[in-house]
Amino acid sequence: MAKCKLTREQEQKIEELLSRMTVEEKVGQMNQLSPSIVGGFDVSMEELIEMVTDGRISNEEFGRIMSQAERDFHEEDIRAGKVGSYLLNDPKKANELQRIAVEESRLGIPLIYGFDVIHGFRTTFPIPLAETCTWNAKVYEASAQVAAREASSHGVHWTFAPMVDIARDARWGRISESAGEDPYLGSVYSRAKVRGFQGENPADRERIAATLKHFVAYGAVEAGQDYNTVSMAKSMLHNGYLPPVKAAVEEGAMTVMAAFNDYNGVPCTVNSYLLRKVLKESYGFEGFVVSDANAIKECVNHGIAEDLSDASHKAAVAGMDMDMGSDAYHSHLAEQVEAGEVSMEVLDEAVRRILTVKMALGLFEHPYADEARMALYDGALDPDHFAVALDAAKRSIVLLKNDNVLPLKRDARIALVGGLADDGENCLGAWFADGRGSDCITVKAGLERAGAHVAYAKCCDVESVVDEKELASVAADADVIVAVVGETNSMSGEASSRSDITLPGHQQELLAAALATGKPAVAVLMNGRPLALQWEQEHVPALVEAWQLGVTHGDAVAAVLFGDYNPSGKLCATFPAVTGQCPRYYNHPNTGRPGSKSKFTSRYLDAPLEPAYPFGYGLSYTQFAYENLRIEDKGDSFQAAVQVTNTGAVSGEETVQLYLRDVTGSIVRPVKELKAFEKAVLEPGESRIVTLTLAKKDMGFYNDEMEYCLEDGSFIFYVGGNSRDCLEQELRVSFEKSEIADWNTV
Ligand code: NOJ
């Protein structure tokens, strides 16, 4: 792994340290702690952080608890060399504890501070699901770089991001933290995030280590219910879920976090096939693996370990290098090594990996947070970072429907309704690190800043009943009604799966009441997952998917509503028509009876065949015509060339997408798979040939024996502006046998 390449001296220093370490000190490196709340409060600091970041308690409530609680920072354990890592983002405290580790512990090994920096630190960016809709690696990388700069100023060395779970079930709350349903787009995303967080040299003081999480298939939890079980064929795992991990390991990701779920009966935390065989041996991952919070302990709940000691043993042997917070290694690992139940090689391997990452991050040279940088991101938002966030936010918005309502005229009198329109906190989305609701520009504020004539009336909150009188009164003088509807932060993210993903509460009634006034209406959606929008699709003339865009939310929405920014976002996850279609994703395997109008086919009696909006979909204020698809064999690759014309009246940006179907395979293949995409910015009337390249080696798949197969036969190439509406061309392909042998490596 390039990012962990050390000098000879650094490697020697690690070996020298290893040779001097006691068993307890080695176990100490494998132990991650967070401050415990003592004195009558029953959850750990780590759980508290989760509660505030996923919105179960407000920032204010968190502040109150923190100010009153007595905390144990485990200074004694740090001094004794029993702690290797810590969850913290308080720079002063970080330096204080680091001083104990470096100056008072026997070997002076620095702590590595980890924290959840998921979509920005102080400058909150769009949630990952939204940002992925930009289909833009530069955007993914830039936001991670800003997050790294801000987080590192607060003593954070290591973020628990990017989440690279493929998420195909919109009921799963954590789809909001994901890059959506596609392994190719997910790989573009995971690589870019690693580059953004770690840079060329992760020892640079403005960079931090990335974590690929959750390893693996957490997004496939049964029925979209969080923490649930996962069963799937190895071929599906390797073709559909592992590609973003593999890509990001190649990119140099320094750490990996195991997933809570089991994979085919063995929790990922203790799964040696995943941790050792796939990740460390096959992918050559050289960094370290951390468990998810308390996950080693939870192996007892899984019923795979008898007690904490058994769980500790199983995890260590399986290749789990660091225990996040379950006290398993701390309490049991040393005695297991002394008893010969866990070998010293297992310990040495884990510690070597952890020290390698610490060394590559430069922690031995610069263990302390730079006091001069600490205050940089505590006051007003950094204007340059705000600009990066605004660019990402505008590009994240997806225009789902527009029956000639948008863009709005600058002098239109707007009746703005819905509690979310004036709610900064809920622009943040799940998992905001140091983000603050008061920093967020709401839709109301954004429209006002854009000079709109806007009259606001809440009319209803996400879950309260509609005040129809209020609606009638605010709509009376309006030219157009803009209703901001959706979900609160806490309705997506961890532990926030929903069994019904229609608009919550009475918000559909709010839309119906707005339509009943006879005025044109726009629904601006603010949500952390794809929603089931069958009713809205049918009735509301304009639908703008704005997600939760972070600090620049309202500015970005206003720019799109007025056409100052022509929407360019494309969905990275399918929007089902009804919840019962979940999991709904475009690249599903073929069936013997593909869904159709006839009865004995794969379909529901009471739901449409099609989703509401397919993967890759998104409108613009202009239109793009596709013609003349040509596929050319270029030796090692195929090149698809297509003529794309802007047939509308304004300039626009299109994402041209290439999909492939392997018509016949030795195992059932997906109906279509994204293989490449390119951007085209076209002026009105402009026409351009856009070319997309597909390497032949990427036309294969893994079978259940873990062989990579490139099979001769027919392939259909599809090119278009979304996964549904494409031009297509079928070709017979024979791969050169000699080349296949070379490509046959995992
Ligand atoms: C649990 C979550 O699953 C994981 O994503 C997160 O990084 C840890 N908690 C630490 O907060």
Side-chain angles (χ1 to χ4, degrees), residues 31-37 43-57 62 85-90 112-121 127-129 147 151 156-167 172-179 190 193 197 208-221 224-228 230 244-245 248 253-262 267-269 288-299 301-302 320-327 429-435 490 492-497 528:
N31 182 31
Q32 183 181 61
L33 289 185
S34 48
S36 329
I37 302 287
V43 300
S44 69
M45 177 66 193
E46 197 264 315
E47 280 172 281
L48 255 187
I49 291 173
E50 275 186 32
M51 284 163 81
V52 69
T53 46
D54 70 17
R56 275 177 285 161
I57 57 173
F62 179 69
S85 175
Y86 215 90
L87 259 94
L88 204 66
N89 76 330
D90 169 350
I112 176 171
Y113 288 112
F115 201 67
D116 287 285
V117 184
I118 307 298
H119 51 117
F121 184 75
I127 55 168
L129 188 70
V156 175
H157 305 132
W158 170 30
T159 172
F160 305 132
M163 184 173 120
V164 300
D165 294 303
I166 296 299
W172 190 47
R174 302 198 80 170
I175 195 171
S176 69
E177 301 170 54
S178 83
S190 68
K193 285 293 173 198
F197 286 128
I208 56 180
T211 306
L212 306 179
K213 75 182 191 189
H214 303 85
F215 188 68
V216 61
Y218 185 25
V221 283
Q225 191 175 313
D226 211 0
Y227 315 119
N228 212 351
V230 174
V245 179
M254 296 169 93
T255 77
V256 166
M257 183 187 291
F260 281 128
N261 54 280
D262 74 291
C268 297
T269 307
F288 70 83
V289 185
V290 64
S291 76
D292 204 335
N294 294 321
I296 299 186
K297 181 150 105 204
E298 288 165 17
C299 286
N301 296 345
H302 277 288
M320 174 56 66
D321 302 313
M322 187 180 278
D323 172 3
M324 184 190 280
S326 76
D327 207 41
W431 286 117
F432 42 87
D434 197 24
S490 58
S492 64
E494 189 178 348
S496 302
S497 295

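The residues of the chain are indexed from 1 along the displayed sequence. Remember, it's 1-based here, ligands and their atoms both numbered in the order they're listed.
- Every residue two or more places apart in sequence or in another chain that forms a ring-ring contact (aromatic ring centres under 6.0 Å, His included) with W172 is listed here: Y218.
- Proximity of a side-chain donor or acceptor of D323 to a complementary backbone N or O of S326 within less than 3.5 Å is detected.
- Below 30°, between 30° and 60°, or above 60°: for Y113 and H157 the angle between ring planes is between 30° and 60°, a tilted geometry.
- Within the model, atoms CG of L129 and NE2 of H119 stand 11.0 Å from one another, a figure rounded to the nearest 0.5 Å.
- Within 4.0 Å of ligand 1, heavy atoms belong to protein residues E46, E50, D116, F160, R174, K213, H214, M257, F260, D292, A293, M324, W431, E494.
- Across L88 and P35, no two heavy atoms sit closer than the pair CD1-CG, 4.0 Å.
- A distance below 6.0 Å separates the ring centres of W158 and F288.
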